[in-house]
Amino acid sequence: MVRTHIYISNSHLLYQVLFLCVLGPAFLGVIKPTSCTSNLLTFRCSQMEKNALLNFKEILTDPSNRLSSWVGEDCCKWIGVGCDNTTSHVVKLDLYNPFPRETYNCKSCLGGKISPSLLNLTHLSYLDLSLNNFEGQLPASLGHLTNLSTLVLSVNNITGEIPSSFAKLCNLQTFRLMANGISGEITQFVDGLSQCSNNSLELLDLSGNKLLGGNLPYSLGALKNLKNLDLSSCSFWGSIPDSIGNMSSLQLLALTANKMNGSIPNSLGKLSTLEKLALGGGNSWEELGISTRWSLVLNVKHDWVPPFSLTHIVFNRMKIGPKFPAWLQTQNELNYLSLVDVGISDTLPQGFWNSSTSLSYLSLSQNQIRGQVPYYQSYSITYYLDLKFNNFEGQVPLFDSKFMKVLYLEENMFSGVVPENIGELLPNLLHLVLSSNFITGRIPPSIGILKSLEILTLRNNSLSGELPPHWDDMQSLYFLDISDNNISGKLPSSMRFLSSLQWLSLGQNHLEGELPSFLRECTNLVSLDLGGNKFFGNIPVWIGESLSNLSRLSLRSNLFDEVIPQQLCLLSSLHILDLAHNDLSGGIPQCLGNLSKNGASKFVNFLEQIAIFYKGRDYLFRNTIYLVHSLDLSGNNLSGEIPDNITDLLKLNILNLSMNHLTGKIPKNIGNLKSLESFDLSRNQLFGPIPESLSSLTFLSHLNLSFNNLSGKIPSGNQLQTLTDPSIYQGNPLLCGLPLSNKCLGDETDPRTTSNGSGNGEDNNDGMEFGSLSFYISMVAGYIVGFWGVFGTLIVKTSWRQAYFRGFDNLKDRIVVFIMVKVAPLIRKMKFERN
């Protein structure tokens, strides 16, 4: 509901009524009938302020008509506008969006640019435009509203730098600019505020602006009245300035998910009023593959006793260990503790678990913490407990808490059974994650009474028995993973009521029977993994007809038979299809080229993982699943030709059709699959040449065409030159060329092979042909250049031509004289002998 403002207070009216009652008759004769319309109770904003507001409204968008009341003469009556009761000046403009904000289609959001006309609201002290779609840069004119004490522009699309004029807002007490696109640095802004003689800033929140960064200015320490400083999820780098210890009023300091490094300054220990402290790295750089682990270090003595008493501590991805910080035990008012990936490889101190029962939030994940968790613990107020990726051992602990919402015990060494009464102990649980432990026994039926449960993952344990019979009440469950266990039996029919289910993974168990038709009612399924079981019968046509949102389907290693249904081609978002190692027959559907035409869904749960046969081995894909495009039909009895339109799957990374009875030729347009990395057609009955276009697959790193009837010369060039293992082509006796030892007709001996036993014969033949061609080209070019270099010059230069032929004449005369001198005596001698 939109806020309304009362501009004449009830107490003010009451005072006037009492005033009239006390003075009573003495003034009745003075009061005129027109007094009820007197200006005494009428407050109207000035024309200048009214025009400023109308100009502001004129350039913004208002799809839900929230500002429909902005009509009439008195702007003090407009929704969101507040006026001073005495002067009638506009002092407050509160247009925050009170309705739920849809990220991409916010119908209740105001939008457009922030008008500079607000500069005319010179008495404005409160401005809130948060949770809207305002865009563009911050108007510098806002920095001239020197009466501003509250400025809230959070969660918009505002870009650019903080204007230098904002450094003049000396009366500013609250400044919220979180979750925008602000860039640049804050040095000039903070330097300006720190020089204000009456600086009164108490709250500064610039978090969630990924482009905002630089060094934290030393002048932060001059903001002595600052209570809350939140610069998390930005791009600040460097060390924390030592002046931070001068902020004597600071209660909250949040610098997480930045690029800070170095040691935490000792001056932090001076902040005696500090209550909430959040430091350390974030996930943003890890997603880009950049290691930022432990760039920030907390280096204090083991017996350090801080002067503050914190209620919130967030030290994520910063160096604290290997010892558990003893000073944490001095924080008796702690309510929220997060020590994620801080390098602790220690046992928890004695008494830690007893003191932790007062925590509402506890996360110790991604460390190497050892020891046991008490088997039974009562957590009266804890709603979030995360111990995943550690070395905790012992029996699966019992937690008794009606408040607990999230329980993560994944990737530890817990053993024993899941408590039979877990449904009664944790009735309001939302997330239960017990994956990758050593848990045995059955899945307790009491899980079925967890009506609020959204995520249940018991993957990679040693659970046995059948699935619980009752799933009727679990209509909030959207993620279910019980893969890699020893579960047997059939799927219970009550699973039809899992209407919210989006991820279902039951692979690598001993489940059996035909695929139950009630799964068609789980129409929200995005990922379905039933591989590695004993399901049999036809692949149901309703998978393609009813599960239209399906992006990932794995039915590998079951007992399915008959043909691949054409209806699977209706799954236009499907980018992973794995039907390998069944008993499927018939041909490959011609329509498979339609798969993934809508693009792969980026809808990935952080707990999801799926095994894909890739480059000759099983790989486990997690956060990058949406990038994988795979088609695996290997290990069946498929026959016929490979459909030509399979080359329309342009995003395909993995194509495996091996171990079937496919015939015909490899599609000549196979080179269209530019993203292909793994290609396996081995152990079929394919014939004909290997298409030349195969050499254009520049990402190809795994190829297997062995044991077919392929013939002709193996293509060369580009990526194929790196695939030199002869086993790629073995079992094709009519193939020739490298890397096989069979030489093609017309191939010459490779000089690299005869001289040093290495080299590529085909490459050498290409080189010889190229060398011969180069020789003749060089010879012709040399002849042309030599001929015209001489005779062309003689034609152009007359003096050179005369000298050239004069030289020839002289040479001729010398030759004649030489002959006459040498030959004349011989002639005389011959004549003398005759006589």
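Model, not experiment: these values are computed from the prediction.
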Checking Asn199 side chain against Cys170 main chain: does a donor-acceptor pair fall under 3.5 Å? no
Contact list for residues 409-422, test side chain to side chain donor-acceptor pair (under 3.5 Å), sequence neighbours left out: Glu410-Arg459, Glu411-Ser436, Glu420-Arg442
Ser476 side chain to Leu453 main-chain N or O, any donor-acceptor pair under 3.5 Å? no
State whether the side chain of Asp191 and the backbone N or O of Phe189 hold a donor-acceptor pair below 3.5 Å, judged by distance alone. no
Fit a plane to each ring of Phe308 and Trp327, take the angle between them on a 0 to 90° scale, and name the class: parallel (under 30°), tilted (30 to 60°) or perpendicular (over 60°). perpendicular
Tell me every residue that passes side chain to side chain donor-acceptor pair (under 3.5 Å) with Asn391, counting only those two or more places apart in sequence or in another chain. Gln368
dist Asn390:CG -> Leu387:CG (nearest 0.5 Å) comes out at 7.0 Å
side-chain contact (heavy atoms from CB on, under 4.5 Å) between Ser154 and Asp205, worked out: CA-CA 9 Å; Ser154 300; Asp205 187 351; 5.6 Å; no
For atom CZ of Phe352, is the number of surrounding heavy atoms from other residues, nucleotides or ligands below 6.0 Å larger than 12? yes
Sub-3.5 Å donor-acceptor pair from the side chain of Arg370 to the main-chain atoms of Ser345, do we have one? yes
Candidate pair Glu424 and Ile449, rule side-chain contact (heavy atoms from CB on, under 4.5 Å), full reasoning: CA-CA 8 Å; Glu424 290 87 8; Ile449 67 175; 3.8 Å; yes
Over 12 non-hydrogen atoms of neighbours within 6.0 angstrom of NZ in Lys451: no
Please answer whether the main-chain N or O of Asn461 pairs with a side-chain N or O of Asn485 as donor and acceptor at a distance below 3.5 Å. yes
Distance-only side-chain donor-acceptor flag, Asn171 / Asn198, under 3.5 Å: yes
Sidechain-backbone polar pair: Ser500 side chain, Gln475 backbone, donor-acceptor under 3.5 Å: yes
May I ask you to test the Phe236-Ile186 pair for a side-chain heavy-atom distance under 4.5 Å? yes
For the pair Ser235 (side chain) and Gly213 (backbone), establish whether a donor and an acceptor sit closer than 3.5 Å, ignoring hydrogens and angles. no
Look at the rings of Phe392 and Phe414 and say which category their plane angle falls in: under 30° parallel, 30 to 60° tilted, over 60° perpendicular. parallel
Check: Ile344 and Leu364 side chains under 4.5 Å, non-hydrogen atoms: no
Can any side-chain N or O of Thr382 pair as donor or acceptor with the backbone N or O of Leu359 at less than 3.5 Å? yes
Under 4.5 Å between any side-chain heavy atoms of Pro419 and Val396, yes or no? yes
Determine whether Leu252 and Glu275 make a side-chain contact, defined as any pair of heavy atoms from C-beta on separated by less than 4.5 Å. no
With side chains defined as the heavy atoms from C-beta onward, is the minimum distance between Asp386 and Val406 less than 4.5 Å? no
Donor-acceptor contact below 3.5 Å, side chain Asp230 vs main chain Ser232: yes
Applying side-chain contact (heavy atoms from CB on, under 4.5 Å), run through Glu608 and Ile625 and close with a yes or a no. CA-CA 8 Å; Glu608 182 183 9; Ile625 291 177; 3.7 Å; yes
Write down the atom of Gly221, the atom of Asn246, and the distance for their closest heavy-atom approach. O-CB, 3.4 Å
What's the separation between atom CG in Leu212 and atom CE in Met178, rounded to the nearest 0.5 Å? 13.5 Å
Flag if over 12 foreign heavy atoms under 6.0 Å of CG, Asn266: no
Answer yes or no: is there a side-chain heavy-atom contact under 4.5 Å between Gln366 and Arg317? yes
Lys92 to Tyr126, cation-pi by 6.0 Å centre distance and 45° axis angle: yes
Given side chains that start at C-beta, do those of Ile455 and Trp503 come closer than 4.5 Å, heavy atoms only? no
Nearest-0.5 Å distance, OG of residue Ser183 to CG of residue Leu211: 6.0 Å
Is the shortest heavy-atom distance from the side chain of Leu138 to the side chain of Leu153 under 4.5 Å? yes
Look at the rings of His431 and Tyr408 and say which category their plane angle falls in: under 30° parallel, 30 to 60° tilted, over 60° perpendicular. tilted
To the nearest 0.5 Å, atom CZ of Phe389 lies from atom OG of Ser365 at 8.5 Å
Looking only at the side chains, is there a donor atom on one of Thr457 and Ser435 sitting less than 3.5 Å from an acceptor on the other? yes
Can a donor-acceptor pair be found, under 3.5 Å and without considering hydrogens, that links the side chain of Asn147 to the backbone of Ser125? no
Hey, could you give me the CG/CD distance between Leu216 and Glu185, rounded to the nearest 0.5 Å? 10.0 Å
Apply the test side-chain contact (heavy atoms from CB on, under 4.5 Å) to residues Leu131 and Phe99: give CA-CA distance (whole Å), side-chain angles for both, the deciding distance (0.1 Å), then the verdict. CA-CA 9 Å; Leu131 299 170; Phe99 304 102; over 6 Å; no
State the CD1-CG distance between Ile447 and Leu477, to the nearest 0.5 angstrom. 10.0 Å
